Amino acid sequence: MTETLPSLPIRDYRHGGLSAYAEEHAQSARQLMETVLRGFGPARHLLRRALPWGDRFAERHLARIGDPYLPEIRTIREMLGVPGPIAFALSYEFGCTARGFPGEGVLFRTLDWPFAGLGRLAEIVHLDGPAGPWTTITWPGVVGALHGAAPGRFAIALNQAPERQTGWGRIADWVASKRRQMRETGLPPTHLLRQVFETAPDAETARRMLLDTQVAAPVIFTLLDADGRASTIERTESSGQMLEGAVAANHFMHAAEGRWRPRGYDSAGRLAMAQALQTDPGLDALSPPMLNPLTRLAVALRLDGSVTACGWEGEAPATAVTAAALPAPVPPDEIIGV
């Protein structure tokens, strides 16, 4: 008998936001942090003891740069009653592949992460901001945005940029990147992307924010707008390069100063596969290397604001393909969340 996979939950928090989402699904948020810790194997015991220190260090850094979401992150930490939410807010360790199809109004992306279990925990969440509604696929307790669709405005996905090489090996590269990130005064890239969804009234404003705003770490954005324009923005902390066409993996396609190591599983192969796609491949028809042992999520973001998503655990689906359109406006006095 074939097992029926569960659909991704669909949540409506247009009148409560991500803090209300975390509060009403606090147990799921704690489960998410525990899932991430388990991914570190025996080192999780040491990391668990270090989380209070990590929270304090991250809180001081976010306060120093004036991060607009720090009050919300503090609230979530208090609601959950466990250490880790502030330190996790600076987490930036994943791989992705993105490809825009302007003719179809679709931005397709996969997200790879080394933490088993994330695929089955993902949820579709409807949100709102001063510039209008938007929809993302995320997890309770996560404050930044990795991707989203804003009807009539744009669809955007965030890819982690390659890693600077020090010449002393991967561990030294990782330590150096974290030290540099803590010295920067720009926003974490996921916080910038959320700010764009909440405040950018149109694609040109979004493009300028993504291209010009100082960020705490290198990042790659793919942007598809309502006028049919597709762009890839490759960023270092203080400068950016815009390329025509929305396609990216985890290495830079233009020459950037310094030596860089691609991130994720076969970044060059994933990019080549994405570039070869002529139409949206569909979430249930993925193949290697875009589908690989680290795949946790596949998403189709549409310019009408609808999304389709599927959780993965490596090369096996963890959820059914789930579609969600932005619901009709809800009066503020109605109960939020489902």
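Source: prediction; values computed, not measured.
V36 and L294 fall into different hydrophobic clusters, where Ile, Leu, Val, Met, Phe, Trp and Tyr residues are linked whenever their side-chain heavy atoms come under 4.5 Å apart, directly or through other members. Both L277 and W312 are assigned to one and the same hydrophobic cluster, defined by single-linkage of ILVMFWY side chains at heavy-atom distances under 4.5 Å. Y21 and V82 fall within the same hydrophobic cluster, where Ile, Leu, Val, Met, Phe, Trp and Tyr residues are linked whenever their side-chain heavy atoms come under 4.5 Å apart, directly or through other members. Both L51 and L80 belong to a common hydrophobic cluster when Ile, Leu, Val, Met, Phe, Trp and Tyr are linked at side-chain heavy-atom distances under 4.5 angstrom. Hydrophobic clustering of Ile, Leu, Val, Met, Phe, Trp and Tyr side chains at less than 4.5 Å, counting indirect connections, unites M33 with F115.
Under the 4.5 Å side-chain criterion, counting only non-hydrogen atoms from C-beta, L291 is not in contact with T110. Contact annotation: the side chain of P9 approaches that of E123 to within less than 4.5 Å [non-hydrogen atoms, C-beta and beyond]. Two residues are said to be in side-chain contact when any heavy atoms from C-beta on lie closer than 4.5 Å; V299 and L111 fail this criterion. Considering only heavy atoms from C-beta on, W260 comes within 4.5 Å of R164 through its side chain. Contact check for L297 versus H147: side-chain heavy atoms found under the 4.5 Å cut-off. Counting heavy atoms from C-beta on, the side chains of L210 and V196 come closer than 4.5 Å. Between L146 and T136, the closest side-chain pair of non-hydrogen atoms is not below 4.5 Å. Counting heavy atoms from C-beta outward, R109 and T222 have side chains that stay 4.5 Å or more apart.
For the atom pair OG1 (T213) and CD (Q195), the distance works out to 7.0 Å, reported to the nearest 0.5 Å. Taken to the nearest 0.5 Å, the OG atom of S7 stands 8.5 Å off from the CD1 atom of I124.
Note on D225 versus R207: salt bridge recorded, some NZ/NE/NH1/NH2 to OD/OE distance being below 4.0 Å. Between E204 and R153 there is no salt bridge, since no side-chain N of the basic residue sits under 4.0 Å from a carboxylate O of the acidic one. Salt-bridge check for R229 with E244: passed, with a basic side-chain N closer than 4.0 Å to an acidic carboxylate O. Salt bridge E34/R48: present, at least one basic N to carboxylate O contact under 4.0 Å.
Across all non-hydrogen atoms, the minimal contact from V247 to T232 is N-OG1, 3.1 Å. For P85 against I76, the heavy-atom pair with the smallest separation is CB-CG2, 4.4 Å.
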Output, in order, the C-alpha distance, side-chain angles, deciding distance and verdict of side-chain contact (heavy atoms from CB on, under 4.5 Å) for R261 and R170.
CA-CA 9 Å; R261 177 188 294 111; R170 288 183 178 270; 3.0 Å; yes
Does the salt bridge (charged side-chain N to carboxylate O under 4.0 Å, His left out) test come out yes or no for E24 and R11, once each step is laid out? CA-CA 11 Å; E24 296 190 9; R11 315 292 190 187; over 6 Å; no
Criterion salt bridge (charged side-chain N to carboxylate O under 4.0 Å, His left out) on E72 and R77, from CA distance to verdict:
CA-CA 9 Å; E72 183 176 319; R77 178 189 59 185; over 6 Å; no
task: For the pair T308 and R302, evaluate side-chain hydrogen bond (donor to acceptor under 3.5 Å, both in side chains) and give the outcome as yes or no after the intermediate values.
output: CA-CA 8 Å; T308 307; R302 296 183 173 82; 2.7 Å; yes
Q.
Q275 vs M253, test: side-chain contact (heavy atoms from CB on, under 4.5 Å). Steps then yes/no.
A. CA-CA 12 Å; Q275 290 172 323; M253 290 185 285; 4.0 Å; yes
- Message: Set out, in order, the CA-CA distance, both residues' side-chain angles and the distance that settles salt bridge (charged side-chain N to carboxylate O under 4.0 Å, His left out) for D266 and R270, then state yes or no.
- Response: CA-CA 6 Å; D266 188 9; R270 287 185 284 112; over 6 Å; no
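A donor-acceptor contact under 3.5 angstrom links the side chains of H254 and E234, judged on distance only.
No more than 12 heavy-atom neighbours from other residues, nucleotides or ligands sit within 6.0 angstrom of CZ on F57.
Within the structure, ring pair (Phe, Tyr, Trp, His ring centres under 6.0 Å) contacts touching residues 190-224 (residues at least two apart or in different chains) are Y69-H191, W134-F197, F154-F197.
Residues passing the side chain to side chain contact (heavy atoms under 4.5 Å, CB included) test with P52, sequence neighbours excluded: R56, P83.
Screening D67, L70, I73 for a side-chain contact (heavy atoms from CB on, under 4.5 Å) with E59, the sole residue that qualifies is L70.
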